[in-house]
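Quick note: numbers below take in every heavy atom, side chains included, and nothing from hydrogens, waters or symmetry partners. Protein chains get the first letters and strands the later ones, always in sequence-line order, with residue 1 at the start of each.
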There are 2 protein chains.
Amino acid sequence: MPRNGDDARRRLQQAALELVQEHGYDATTSAEIAARAGLTERTFFRHFSDKREALFEEDPRLRPALTEAMAEAAQGLPPLEIVLQALRSVGPLLEENRAFTAPRQPIIAATPALRERADAKTAALISLLAAGLRQRGVEAKLAALAAQVGMAAFSYAARAWFEDPTETFDVHLTQAFQALNRMSPG
Amino acid sequence: MPRNGDDARRRLQQAALELVQEHGYDATTSAEIAARAGLTERTFFRHFSDKREALFEEDPRLRPALTEAMAEAAQGLPPLEIVLQALRSVGPLLEENRAFTAPRQPIIAATPALRERADAKTAALISLLAAGLRQRGVEAKLAALAAQVGMAAFSYAARAWFEDPTETFDVHLTQAFQALNRMSPG
DNA sequence: TCCGATTTCGTCAGTCACTGACATATAGAC
DNA sequence: GTCTATATGTCAGTGACTGACGAAATCGGA
């Protein structure tokens, strides 16, 4: 009965966005979202493991791109440089997904349950970066430290880029790194 | 009908710990936890807003201590120094709560739902630190950056202290800060 | 063109987290 | 010995999520 092929997922995401914008996240049920998409609640949970996930979308190329960039970085680079270089390489992905991300950002920020999920997602990316460093021989705790610091710069750049999209994400990331350097060498 | 006074909460926490250690988090229901504590499920949810919360415990002095330390830091200090100083001041609280934290740490690490909550809690602390910096006139994005970097050092120190409790947490935090300084001044 | 396999969805029944409303019993103030 | 605030029990209900099963549509090939 493959009626819709793949756009069922997109319809569900769109329906979720609209309903949550209208009534708030807690006040919209998964059944309502499915109904607006012309589907059943059961089908909703076939496309999303979670009610929250309908408001998110991780580019499937993100994680592979990060791990690959981590693995292919030049030898002898300090850990934080490796992380920054990897994060720089996925800038275009961020820019590509802005149309999806932008309208959902304020909703996520305003909904504790969604913010929690967002925090977990960045934490998962930090783990990915740390794992990449460990695979290059960096000690575990140090790897986690560098990964967290790198992601902090990334978040800084992301926030700046959301405020001012006229500049490339890359430019913002460079500025974030500069702010970082001005920070610790006390 | 105040039969148990305040230790009902502790009994629930203890029951939750035991049952989760025995059968895993997902396989233990809130009703079972309440039953082992000699209480009802309804009472469980009067003591914890969430099933997950039975495995956590935030010292009520933590957040006030942090905000106070942030506010009372000397003028003219760079943001990261302020954060580090505040985090240093709550080291004793960490050490005091080790008996509660230690046995729950592996469970949280092994359970995605609990890890998500833990991530959210650290994110909330980061927000608290950032707010403290903003109140001192630090620009928003820069405040967030310094708060995240500071919390990264704190996490580093916490992990090191859990591995080696013979040293003070303060010592580990100093070493974390040193590792941080060796990191960025490239 | 017909057929079998795969995919995508609907239906149904069920579990579990969590909540509101109301009753009840206990500890402590007086 | 009342009176009151507090801690708990009971009950009914909502909503997220899952497993099992069936049905229809698509696709590959004979």
Just the rounded figure in Å: distance from [atom2] of [N] to [atom1] of [X].
X	N	atom1	atom2	result
F45(B)	dC16(C)	CZ	P	12 Å
R52(A)	dA17(C)	CZ	P	15 Å
I33(B)	dC18(C)	CD1	P	10 Å
F44(B)	dG9(D)	CZ	P	13 Å
F48(A)	dC9(C)	CZ	P	11 Å
E41(A)	dT8(C)	CD	P	20 Å
L19(A)	dA16(D)	CG	P	12 Å
L12(A)	dT8(C)	CG	P	14 Å

Can you tell which of [options] lies closest to the side chain of [X]?
X	options	answer
A8(B)	dT8(D), dA17(C), dC21(D)	dT8(D)
L39(A)	dT8(D), dG10(C), dC18(C)	dG10(C)
K51(B)	dC9(C), dA17(C), dC17(D)	dA17(C)

Problem set entry | Side-chain H-bond candidate by donor/acceptor type, Q14(A) with E18(A), under 3.5 Å |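 Yes, a side-chain donor-acceptor pair sits under 3.5 Å.
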Exercise. How about T174(B) and Q178(B): do any of their side-chain heavy atoms sit closer than 4.5 Å?
Worked result: yes
For this session: Examine R42(A) relative to F44(A) and say whether NZ or CZ is less than 6.0 Å from the centre of the six-membered ring and inside a 45° cone about the ring axis.
Result: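 No, R42(A) does not lie over the aromatic ring of F44(A).
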For this session: Examine R104(B) relative to F100(B) and say whether NZ or CZ is less than 6.0 Å from the centre of the six-membered ring and inside a 45° cone about the ring axis.
Result: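 Geometry flag: set, cation within 6.0 Å and 45°.
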Under 4.0 Å between a Lys/Arg side-chain N and an Asp/Glu carboxylate O for [X] and [Y]?
X	Y	answer
E96(A)	R61(A)	yes
E53(B)	K121(B)	yes
R52(A)	E116(B)	yes

Problem set entry | Presence of T43(B) side-chain N/O under 4.0 Å of dT8(D) phosphate oxygens OP1/OP2 | no
Exercise. Taking OP1 and OP2 of dC9(C), is either one under 4.0 Å from a side-chain nitrogen or oxygen of H47(A)?
Worked result: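 Checking dC9(C) against H47(A), a side-chain N or O does come within under 4.0 Å of OP1 or OP2.
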If you restrict it to nitrogen or oxygen atoms, what contacts under 3.5 Å exist between nucleotides 12-14 of chain C and the protein, and what is each distance?
none

Problem set entry | Close approaches to DNA chain C from residues 22-32 of chain B, in residue order (heavy atom, under 4.0 Å) |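 Here the set is T28(B), T29(B), S30(B).
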Problem set entry | Sole residue of R10(B), R9(B), R98(B) in salt bridge (Lys or Arg N to Asp or Glu O under 4.0 Å) with E57(B) | R9(B)
List the atom pairs, with distances to 0.1 Å, where a side-chain N or O of residues 140-155 of chain B and a protein N or O form a donor-acceptor pair under 3.5 Å, not counting sequence neighbours.
unit_1: K141(B); atom_1: NZ; unit_2: E163(A); atom_2: OE1; d: 3.4
unit_1: K141(B); atom_1: NZ; unit_2: E139(B); atom_2: OE2; d: 3.2
unit_1: S155(B); atom_1: OG; unit_2: M151(B); atom_2: O; d: 3.0

